[in-house]
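Single-structure report; data block below.
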Amino acid sequence: MTRTTKILNIIYGLTVVLFLFDSLTSFDIKSQGLKSFVYIGLLIGTPLTLIWNAVTIKPRNRKINWTILPTAILIFILIVGPMKLYFSTGAWRTQTILYQNGHLSFKTIEFQMQDVGAFGYNKRTVEVFYLTPLFMITSEVPTDIEKKVEWIKVDKEVNELGLKFP
(Lines give C-alpha, C1' and ligand atoms only; values in the text may rest on other atoms or scores of the structure.)
Protein backbone atom coordinates (compact mmCIF):
# COMPACT_ATOMS: atom_id res chain seq x y z
CA MET A 1 0.00 0.00 0.00
CA THR A 2 1.41 3.40 -0.96
CA ARG A 3 1.93 6.30 1.43
CA THR A 4 -0.85 8.29 -0.27
CA THR A 5 -3.28 5.43 0.21
CA LYS A 6 -2.40 5.16 3.91
CA ILE A 7 -2.84 8.90 4.48
CA LEU A 8 -6.18 8.92 2.61
CA ASN A 9 -7.44 5.95 4.64
CA ILE A 10 -6.32 7.50 7.96
CA ILE A 11 -8.07 10.80 7.20
CA TYR A 12 -11.17 8.94 6.03
CA GLY A 13 -11.15 6.72 9.13
CA LEU A 14 -10.90 9.74 11.45
CA THR A 15 -13.75 11.40 9.56
CA VAL A 16 -15.93 8.31 9.97
CA VAL A 17 -15.12 8.04 13.69
CA LEU A 18 -15.95 11.73 14.32
CA PHE A 19 -19.17 11.38 12.31
CA LEU A 20 -20.26 8.31 14.28
CA PHE A 21 -19.47 9.98 17.62
CA ASP A 22 -21.32 13.16 16.63
CA SER A 23 -24.39 11.47 15.22
CA LEU A 24 -24.84 8.47 17.53
CA THR A 25 -23.66 9.66 20.98
CA SER A 26 -23.97 12.69 23.24
CA PHE A 27 -20.58 13.85 21.95
CA ASP A 28 -21.03 16.98 19.80
CA ILE A 29 -18.68 18.86 17.54
CA LYS A 30 -18.86 22.52 18.63
CA SER A 31 -16.74 23.99 15.83
CA GLN A 32 -18.77 24.75 12.70
CA GLY A 33 -15.73 24.38 10.45
CA LEU A 34 -14.77 20.98 11.83
CA LYS A 35 -18.35 19.69 11.72
CA SER A 36 -18.74 20.81 8.10
CA PHE A 37 -15.41 19.18 7.24
CA VAL A 38 -16.52 15.90 8.84
CA TYR A 39 -19.97 15.71 7.23
CA ILE A 40 -18.99 17.01 3.79
CA GLY A 41 -15.76 14.99 3.97
CA LEU A 42 -17.86 11.90 4.58
CA LEU A 43 -20.05 12.67 1.56
CA ILE A 44 -17.10 13.36 -0.75
CA GLY A 45 -14.52 11.06 0.84
CA THR A 46 -16.60 7.89 0.74
CA PRO A 47 -16.77 7.42 -3.04
CA LEU A 48 -13.26 8.85 -3.43
CA THR A 49 -11.77 6.40 -0.91
CA LEU A 50 -13.77 3.50 -2.31
CA ILE A 51 -12.57 4.12 -5.87
CA TRP A 52 -9.00 4.90 -4.77
CA ASN A 53 -8.71 1.70 -2.73
CA ALA A 54 -10.30 -0.40 -5.49
CA VAL A 55 -7.87 0.93 -8.09
CA THR A 56 -4.57 1.25 -6.20
CA ILE A 57 -4.49 -1.73 -3.83
CA LYS A 58 -3.19 -4.78 -5.71
CA PRO A 59 -3.64 -7.97 -3.64
CA ARG A 60 -7.24 -9.09 -3.95
CA ASN A 61 -7.79 -9.93 -0.26
CA ARG A 62 -6.39 -6.54 0.86
CA LYS A 63 -8.51 -4.77 -1.76
CA ILE A 64 -11.65 -6.42 -0.38
CA ASN A 65 -10.71 -5.58 3.22
CA TRP A 66 -10.01 -1.90 2.45
CA THR A 67 -13.22 -1.40 0.46
CA ILE A 68 -15.63 -2.84 3.05
CA LEU A 69 -15.89 0.31 5.23
CA PRO A 70 -16.35 2.79 2.36
CA THR A 71 -18.94 0.48 0.78
CA ALA A 72 -20.90 0.21 4.04
CA ILE A 73 -20.79 3.99 4.56
CA LEU A 74 -21.87 4.57 0.93
CA ILE A 75 -24.88 2.29 1.45
CA PHE A 76 -25.69 4.21 4.66
CA ILE A 77 -25.45 7.55 2.82
CA LEU A 78 -27.74 6.30 0.04
CA ILE A 79 -30.30 5.00 2.55
CA VAL A 80 -30.33 8.15 4.70
CA GLY A 81 -29.97 10.51 1.77
CA PRO A 82 -27.03 12.76 0.97
CA MET A 83 -29.10 15.94 1.30
CA LYS A 84 -30.26 15.01 4.79
CA LEU A 85 -26.64 14.57 5.83
CA TYR A 86 -25.68 17.82 4.13
CA PHE A 87 -28.41 19.78 5.96
CA SER A 88 -27.31 18.35 9.32
CA THR A 89 -23.88 20.00 9.10
CA GLY A 90 -24.98 22.90 11.31
CA ALA A 91 -23.30 22.97 14.71
CA TRP A 92 -25.26 23.75 17.86
CA ARG A 93 -24.60 27.35 18.90
CA THR A 94 -25.06 28.73 22.40
CA GLN A 95 -27.59 31.53 22.63
CA THR A 96 -27.90 31.83 26.42
CA ILE A 97 -25.98 30.36 29.33
CA LEU A 98 -28.72 29.74 31.88
CA TYR A 99 -26.72 28.17 34.74
CA GLN A 100 -23.03 27.86 35.57
CA ASN A 101 -21.66 25.08 37.74
CA GLY A 102 -20.06 26.55 40.87
CA HIS A 103 -17.37 23.85 41.03
CA LEU A 104 -16.56 23.28 37.35
CA SER A 105 -16.36 26.36 35.13
CA PHE A 106 -16.56 24.25 31.93
CA LYS A 107 -19.93 22.74 32.89
CA THR A 108 -23.01 24.82 32.08
CA ILE A 109 -26.68 24.60 31.24
CA GLU A 110 -27.33 26.35 27.94
CA PHE A 111 -30.08 27.23 25.53
CA GLN A 112 -28.74 26.32 22.09
CA MET A 113 -29.94 26.71 18.52
CA GLN A 114 -28.92 24.99 15.31
CA ASP A 115 -29.32 26.65 11.91
CA VAL A 116 -30.86 24.19 9.44
CA GLY A 117 -30.99 26.57 6.49
CA ALA A 118 -34.38 27.15 4.92
CA PHE A 119 -35.98 24.90 7.53
CA GLY A 120 -35.36 27.44 10.33
CA TYR A 121 -33.73 26.60 13.64
CA ASN A 122 -33.67 23.61 15.97
CA LYS A 123 -33.74 24.55 19.66
CA ARG A 124 -32.70 22.72 22.82
CA THR A 125 -31.76 23.30 26.45
CA VAL A 126 -28.97 20.98 27.59
CA GLU A 127 -26.32 20.45 30.22
CA VAL A 128 -22.98 20.98 28.49
CA PHE A 129 -19.58 19.64 29.51
CA TYR A 130 -16.87 21.25 27.37
CA LEU A 131 -13.93 18.97 26.55
CA THR A 132 -12.16 21.56 24.37
CA PRO A 133 -13.40 24.57 22.38
CA LEU A 134 -14.01 22.09 19.53
CA PHE A 135 -15.89 19.32 21.36
CA MET A 136 -18.57 19.03 24.04
CA ILE A 137 -20.67 16.37 25.71
CA THR A 138 -24.34 17.13 26.21
CA SER A 139 -26.96 15.58 28.45
CA GLU A 140 -30.52 16.30 29.47
CA VAL A 141 -31.12 19.01 32.03
CA PRO A 142 -32.15 17.68 35.46
CA THR A 143 -35.71 18.65 36.38
CA ASP A 144 -34.81 19.84 39.89
CA ILE A 145 -32.08 22.25 38.79
CA GLU A 146 -33.41 25.11 40.95
CA LYS A 147 -32.92 23.04 44.12
CA LYS A 148 -29.32 22.00 43.46
CA VAL A 149 -26.68 24.05 45.25
CA GLU A 150 -23.87 23.65 42.69
CA TRP A 151 -25.77 25.51 39.93
CA ILE A 152 -25.63 29.31 39.88
CA LYS A 153 -28.22 31.13 37.74
CA VAL A 154 -26.39 33.51 35.36
CA ASP A 155 -28.70 34.15 32.33
CA LYS A 156 -25.78 35.34 30.21
CA GLU A 157 -26.58 36.19 26.58
CA VAL A 158 -23.99 34.76 24.18
CA ASN A 159 -25.83 34.85 20.81
CA GLU A 160 -23.28 32.81 18.83
CA LEU A 161 -25.63 32.74 15.83
CA GLY A 162 -25.64 36.53 15.74
CA LEU A 163 -29.42 36.79 15.60
CA LYS A 164 -30.94 40.24 15.81
CA PHE A 165 -33.79 40.60 18.26
CA PRO A 166 -36.49 43.31 17.87
Side-chain angles (χ1 to χ4, degrees), residues 1-98 108-141 158-165:
M1 200 164 24
T2 66
R3 184 173 188 210
T4 307
T5 304
K6 287 179 185 176
I7 291 171
L8 178 67
N9 282 306
I10 288 170
I11 292 171
Y12 180 70
L14 290 173
T15 303
V16 169
V17 167
L18 283 174
F19 172 77
L20 292 174
F21 273 142
D22 187 65
S23 61
L24 299 177
T25 66
S26 61
F27 177 87
D28 284 334
I29 300 173
K30 175 86 171 147
S31 167
Q32 180 62 53
L34 181 60
K35 188 163 184 172
S36 294
F37 175 80
V38 168
Y39 278 67
I40 294 171
L42 189 78
L43 290 171
I44 295 170
T46 298
L48 176 72
T49 305
L50 180 62
I51 292 167
W52 183 268
N53 287 344
V55 170
T56 61
I57 298 175
K58 296 299 179 201
R60 186 179 178 141
N61 60 347
R62 291 189 81 191
K63 184 182 291 199
I64 291 170
N65 289 340
W66 285 99
T67 57
I68 289 174
L69 178 64
T71 304
I73 299 295
L74 183 63
I75 291 169
F76 168 77
I77 289 171
L78 293 175
I79 290 171
V80 170
M83 291 309 290
K84 187 168 185 177
L85 285 176
Y86 179 74
F87 282 123
S88 63
T89 61
W92 287 97
R93 303 296 189 122
T94 302
Q95 292 305 105
T96 308
I97 298 174
L98 303 171
T108 58
I109 293 179
E110 302 176 353
F111 172 69
Q112 296 180 336
M113 295 175 73
Q114 180 185 41
D115 186 5
V116 286
F119 300 115
Y121 297 97
N122 292 329
K123 301 172 184 176
R124 70 180 184 180
T125 301
V126 290
E127 183 178 332
V128 179
F129 181 81
Y130 286 99
L131 299 171
T132 68
L134 299 175
F135 305 110
M136 62 185 172
I137 295 176
T138 59
S139 59
E140 289 189 26
V141 177
V158 178
N159 196 14
E160 286 183 344
L161 280 173
L163 299 176
K164 295 180 181 171
F165 298 100

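We number each residue from 1, following the sequence as shown.
- Residues satisfying the ring-ring contact (aromatic ring centres under 6.0 Å, His included) criterion with F111, sequence neighbours excluded, are absent altogether.
- Partners of D22 by salt bridge (Lys or Arg N to Asp or Glu O under 4.0 Å), not counting sequence neighbours, listed by chain and number: K35.
- Pairs passing the side-chain hydrogen bond (donor to acceptor under 3.5 Å, both in side chains) check and including a residue from residues 71-87, sequence neighbours excluded, do not occur.
- I7 pairs by the side chain to side chain contact (heavy atoms under 4.5 Å, CB included) definition with R3, I11, not counting sequence neighbours.
- Evaluation of the side-chain hydrogen bond (donor to acceptor under 3.5 Å, both in side chains) rule for T125 yields no partner, not counting sequence neighbours.
- One distance of note links CG of L85 with CD1 of I77; it measures 6.0 Å at 0.5 Å rounding.
- Each side-chain hydrogen bond (donor to acceptor under 3.5 Å, both in side chains) pair with one or both residues in residues 113-122, not counting sequence neighbours, appears once here: Q114-N122.
- With E110 as the partner, the side-chain contact (heavy atoms from CB on, under 4.5 Å) test is satisfied by one option alone out of V128, T96, L98: V128.
- The CD1 atom of I29 sits 10.0 Å away from atom CE of M136, with the distance rounded to the nearest 0.5 Å.
- Applying the salt bridge (charged side-chain N to carboxylate O under 4.0 Å, His left out) test to residues at least two apart or on different chains, none of the pairs has a partner in residues 49-67.
- With sequence neighbours excluded, no residue satisfies side-chain hydrogen bond (donor to acceptor under 3.5 Å, both in side chains) with S26.
- For the atom pair E127 CD and I109 CD1, the distance stands at 5.5 Å (nearest 0.5 Å).
- L131 is linked by a side chain to side chain contact (heavy atoms under 4.5 Å, CB included) to F27, F129, F135, I137, counting only residues two or more places apart in sequence or in another chain.
- A search for side chain to side chain contact (heavy atoms under 4.5 Å, CB included) contacts involving N9 returns M1, T5, T49, N53, W66, not counting sequence neighbours.
- When the side-chain hydrogen bond (donor to acceptor under 3.5 Å, both in side chains) test is applied to N159, the partners found at least two apart in sequence or on another chain are Q95.
- Here OG1 of T15 is found 12.0 Å from CD1 of I40. Values are rounded to the nearest 0.5 Å.
- For L74, the side chain to side chain contact (heavy atoms under 4.5 Å, CB included) criterion is met by T46, L50, L78, not counting sequence neighbours.
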